[in-house]
Amino acid sequence: MGEMRVIGVRVEQPQNQPVLLLRESDGDRYLPIWIGQTEATAIVLEQQGVEPARPLTHDLIKILIESFGRSLKEVRIVDLQEGTFYADLVFDEQTTVSARPSDSIALALRIGVPIFASEAVLAEAGLAIPDEREDEVEKFKEFLDTISPDDFKATDG
């Protein structure tokens with residue numbers, strides 16, 4: 001498992017589809033994940049430090065976890081099947097719950113736990129972008145201009 005960090009969310013045009021971009025903490029691979037608008041908004045709001053007047057869904061989940069005396073330890077992106085990513089929420093007492101990566105990452109950001117991706121997922125969908133003098137945001141924009149969700153559909157090979 002490689003530790004990942006959230007670079008950001010951007011809306012891909014012309015499909016108007018949000019893309020979450022993760023980067024290896026100790027590497028040069030990026031992992032793009034197409035996500036829903038609601039989850040994209042939740043991630044961006046948390047990254048910007050915006051506190052809504054009332055808890056959003058991911059805020060509520062965080063409150064529930066704490067209220068039940070449990071703790072989320074980490075998030076793992078564990079699989080990619082036919083273009084769909086799968087994640088696990090790993091709690092104390094070795095409890096693991098399968099979840100969408102977008103929800104898992106929105107929750108990880110709120111709680112402050114690490115995010116990991118399996119080597120198999122990174123090998124299949126990770127894109128190596130060597131660390132050069134370019135700003136990460138500019139690399140992200142350039143990267144999004146050259147790919148589409150179809151680039152990550154599973155093949156029979």
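Note that these values count all heavy atoms, side chains included, but never hydrogens, waters or copies made by symmetry.
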key: Full working for side chain to side chain contact (heavy atoms under 4.5 Å, CB included) between H58 and D103   = CA-CA 7 Å; H58 299 96; D103 290 324; 2.9 Å; yes

message = Are V97 and V113 linked, directly or through intermediate hydrophobic residues, by side-chain heavy-atom contacts shorter than 4.5 Å (ILVMFWY only)?
response = yes

query = Quick one: does I111's side chain get under 4.5 Å of I65's, heavy atoms only?
reply = yes

note = D88 and S98 have their tightest heavy-atom pair at OD1-CA, 3.7 Å

ask   = Any ion pair linking E46 and K62 (charged N to carboxylate O, less than 4.0 Å)?
value = no

ask   = Can you check whether L22 reaches I77 side chain to side chain, under 4.5 Å on heavy atoms?
value = yes

task = Taking all heavy atoms of Y30 and all of I7, pick out the closest pair and write down the distance.
result = CE2-CG1, 4.2 Å

ask   = Hey, does F85 have a side-chain heavy atom less than 4.5 Å from the side chain of D79?
value = no

key: Point-to-point distance, once rounded to the nearest 0.5 Å, from CD1 of I33 to OG1 of T84   = 11.0 Å

request  = Show the numbers, then the answer: is there a side chain to side chain contact (heavy atoms under 4.5 Å, CB included) between L109 and V6?
outcome  = CA-CA 9 Å; L109 289 173; V6 177; 4.1 Å; yes

query = Do Q81 and Y86 touch side chain to side chain, with heavy atoms closer than 4.5 Å?
reply = yes

query = Looking at P32 and V19, what are the two nearest heavy atoms and their distance?
reply = CB-CG1, 4.0 Å

request  = Answer yes if the side chains of T96 and R76 hold a donor-acceptor pair under 3.5 Å, and no otherwise.
outcome  = no

task = For E3 and D26, indicate whether the former's side chain and the latter's backbone hold a donor-acceptor pair under 3.5 Å.
result = no

ask   = Are F68 and I61 joined in one hydrophobic group, where the rule is that I, L, V, M, F, W and Y side chains link up if heavy atoms are under 4.5 Å apart?
value = no

ask   = Is there a side-chain contact between V121 and V78 (heavy atoms, below 4.5 Å)?
value = no

Any donor-acceptor N/O pair, E74 side chain to I115 backbone, under 3.5 Å = no

request  = Give the C-alpha distance, both sets of side-chain angles, the deciding distance and a yes or no for side chain to side chain contact (heavy atoms under 4.5 Å, CB included) between F116 and V75.
outcome  = CA-CA 6 Å; F116 296 94; V75 165; over 6 Å; no

task = Determine whether more than 12 heavy atoms belonging to other residues, nucleotides or ligands lie under 6.0 Å from atom CD of E119.
result = yes

message = Looking at R110 and D59, is there a salt bridge between them, counting it only when a charged N and a carboxylate O are closer than 4.0 Å?
response = yes

query = Side-chain heavy atoms under 4.5 angstrom apart, residues restricted to Ile, Leu, Val, Met, Phe, Trp, Tyr: same cluster for I105 and V9?
reply = yes

message = Side chains of L107 and L89, heavy atoms from C-beta outward: is any pair under 4.5 Å?
response = yes

Taking every non-hydrogen atom, the tightest pair across L80 and A125 = CD2-CB, 3.6 Å

task = Dump the intermediate steps for side chain to side chain contact (heavy atoms under 4.5 Å, CB included) on R23 and M4, then the final yes or no.
result = CA-CA 5 Å; R23 181 177 184 203; M4 307 298 287; 5.6 Å; no

query = Are any non-hydrogen side-chain atoms of E24 and L122 less than 4.5 angstrom apart?
reply = yes

task = For the pair T41 (side chain) and Q37 (backbone), establish whether a donor and an acceptor sit closer than 3.5 Å, ignoring hydrogens and angles.
result = yes

